[in-house]
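Here is the structure we will look at.
Numbering of ligands and ligand atoms starts at 1, following listing order.
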Amino acid sequence: MVSQLHVAGLYVIADTHYLDDTRLIDAVAQAIAGGARVIQYRDKKHAATERTRQASELAALCRRRGALFIVNDDVALAKETRADGVHLGREDVPLAEARKLLGARAIIGVSCYNELARAEAAEKQEADYIAFGRFFPSRTKPQAVQAGLDLLREAKKKLHIPVVAIGGITPENGASLIAAGADALAVIEGVFGQADVRNAAERYAQLFK
Ligand SMILES: Cc1ncc(COP(=O)(O)OP(=O)(O)O)c(N)n1
Ligand SMILES: Cc1ncsc1CCOP(=O)(O)O
Ligand SMILES: [Mg+2]
């Protein structure tokens with residue numbers, strides 16, 4: 001781990017599939033008010049200009065409210081918007097390249113799916129956190145590979161960096177992941193697919209108290 005900033009608690013992913021431009025900023029503000037500690041911008045559809053504008057607005061909001069701001073996939077966008085960090089999957093640039101571009105203080109998270117060896121390798125390369133999942137059926141990413149609670153328990157014995165759980169997490173099933181060792185719960189639909197975003201975030205945040 002390089003960064004001194006710590007990924008823990010409710011980690012919400014502001015996915016532009018759920019949040020159109022008119023709702024994006026307000027919904028994230030509501031999630032932070034409800035207790036979200038980490039915000040990720042996940043966008044798979046907008047052009048570069050639009051992505052820069054949205055991510056810049058989110059970065060400014062997170063700075064004002066004291067939440068961490070992470071950009072999914074796009075290291076250049078993370079740098080341009082002075083985000084706290086970037087989240088990298090298998091298809092994204094290698095960790096070492098992202099570190100070179102963003103510097104030692106950036107938070108770099110790595111998707112490890114259901115693979116403990118990938119997580120151990122990421123920690124060796126100074127990832128700041130890793131993510132496993134999906135743990136439960138996810139409508140956002142139904143094809144995501146399944147991970148189990150045993151993986152979390154095993155990972156907590158071997159890793160020293162924060163472990164994030166993702167995929168189909170609800171306020172009802174989230175406690176089992178925390179009990180198995182998850183430091184943070186990453187959620188999309190369970191927060192941003194709800195009519196009352198603040199209340200939904202509060203229900204997850206309660207699990208950490
Ligand atoms: C916190 C967190 N964990 C996992 C992912 C998934 O990343 P990736 O495998 O790169 O898939 P996409 O989200 O890019 O479709 C994530 N974004 N955030
Ligand atoms: C991006 C991603 N990677 C694994 S599952 C998932 C989607 C999580 O979204 P939801 O919380 O709506 O299941
Ligand atoms: Mg990705």
At less than 4.0 angstrom from any non-hydrogen atom of I13, what atoms of ligand 1 do you find?
18 (N)
Using a distance threshold of 2.8 Å, state whether an N, O or S atom of E91 lies below it from the Mg ion (ligand 3).
no
Fit a plane to each ring of F69 and Y41, take the angle between them on a 0 to 90° scale, and name the class: parallel (under 30°), tilted (30 to 60°) or perpendicular (over 60°).
tilted
Would you call D15 and K44 a salt bridge, taking side-chain N to carboxylate O under 4.0 Å as the test?
no
Any donor-acceptor pair under 3.5 Å linking the side chain of Q146 with the backbone of F136?
no
Sub-4.0 Å heavy-atom approach of K44 to ligand 1
yes
Does G190 have a heavy atom less than 4.0 Å from any atom of ligand 2?
no
With heavy atoms of Y113 as the reference, note each atom of ligand 1 found under 4.0 Å away.
8 (P), 9 (O)
Provide the atom name of the closest N, O or S atom of D73 relative to the Mg ion (ligand 3).
OD1
Under 4.0 Å from any heavy atom of D92, which atoms of ligand 1 are there?
10 (O)
Name, closest N/O/S atom of D92 to the Mg ion (ligand 3):
OD2
Salt-bridged, R90 to E115, with N to O below 4.0 Å?
yes
Got K158 and L116 here, is their nearest side-chain heavy-atom distance under 4.5 Å?
yes
Would you mind listing which atoms of ligand 2 come within a distance below 4.0 Å of any non-hydrogen atom of R42?
1 (C)
Considering non-hydrogen atoms of the protein only, which is the closest contact for atom 10 (O) of ligand 1, and what is the distance?
G89 CA, 3.2 Å
Please could you name the atoms of ligand 2 that S138 approaches to less than 4.0 Å, counting only its heavy atoms?
7 (C), 8 (C), 9 (O), 10 (P), 13 (O)
Counting C-beta onward and ignoring hydrogens, is there a side-chain heavy-atom pair between D183 and K156 closer than 4.5 Å?
yes
Find all atoms of ligand 1 within a distance of less than 4.0 Å from any non-hydrogen atom belonging to D73, and give their numbers and elements.
10 (O), 14 (O)
With a 6.0 Å cut-off (strictly less than), is the heavy-atom count around NZ of K124, excluding the residue itself, greater than 12?
no
Below 3.5 angstrom, do we get any N/O pair linking R42 and ligand 1?
yes
Suppose we measure from atom 2 (C) of ligand 1 to each protein heavy atom; which comes out shortest, and what is that distance?
H87 CE1, 3.3 Å
Element-labelled atoms of ligand 2 that are located less than 4.0 Å from some non-hydrogen atom of G168:
10 (P), 11 (O), 13 (O)
Please check whether I188 reaches ligand 2 - meaning an N/O of the residue sits under 3.5 Å from an N/O of the ligand, judged on distance alone.
yes
Just do the salt bridge (charged side-chain N to carboxylate O under 4.0 Å, His left out) check on K100 and E97 with the steps written out, would you?
CA-CA 5 Å; K100 221 181 272 173; E97 199 177 312; over 6 Å; no
So, R99 side chain and G103 main chain: donor-acceptor pair closer than 3.5 Å or not?
yes
Is it the case that the side chain of Y129 and the backbone of H87 share a donor-acceptor pair, with hydrogens and angles ignored and the cut-off at 3.5 Å?
no
As an exercise, identify every atom of ligand 2 less than 4.0 angstrom from a heavy atom of G167.
5 (S), 13 (O)
K141 heavy atoms within 4.0 Å reach ligand 1 at atoms 11 (O), 12 (P), 15 (O)
Identity and separation of the nearest protein heavy atom to atom 6 (C) of ligand 1:
S111 OG, 3.2 Å
Expected output: side-chain Q194 to main-chain E189 donor-acceptor under 3.5 Å:
yes
To which of Q40, H87, R134, K141 does the heavy atom nearest atom 6 (C) of ligand 2 belong?
K141
V86 reachable from Y113 in the ILVMFWY side-chain graph, under 4.5 Å edges:
no
Within a distance under 4.0 Å of any heavy atom of N72, pick out the atoms of ligand 1 and give their elements.
12 (P), 13 (O), 14 (O), 17 (N)
A student checking ligand 1 against Q40 at a 4.0 Å heavy-atom cut-off should list atoms 1 (C), 2 (C), 16 (C), 17 (N), 18 (N)
Any salt bridge linking D74 with R42? Criterion: basic side-chain nitrogen under 4.0 Å from a carboxylate oxygen.
no
Tell me whether T140 has any N or O atom under 3.5 angstrom from an N or O of ligand 2.
yes
Count the heavy atoms of every other residue, nucleotide or ligand shown that sit under 6.0 Å from CZ of R82, and state whether that count exceeds 12.
no
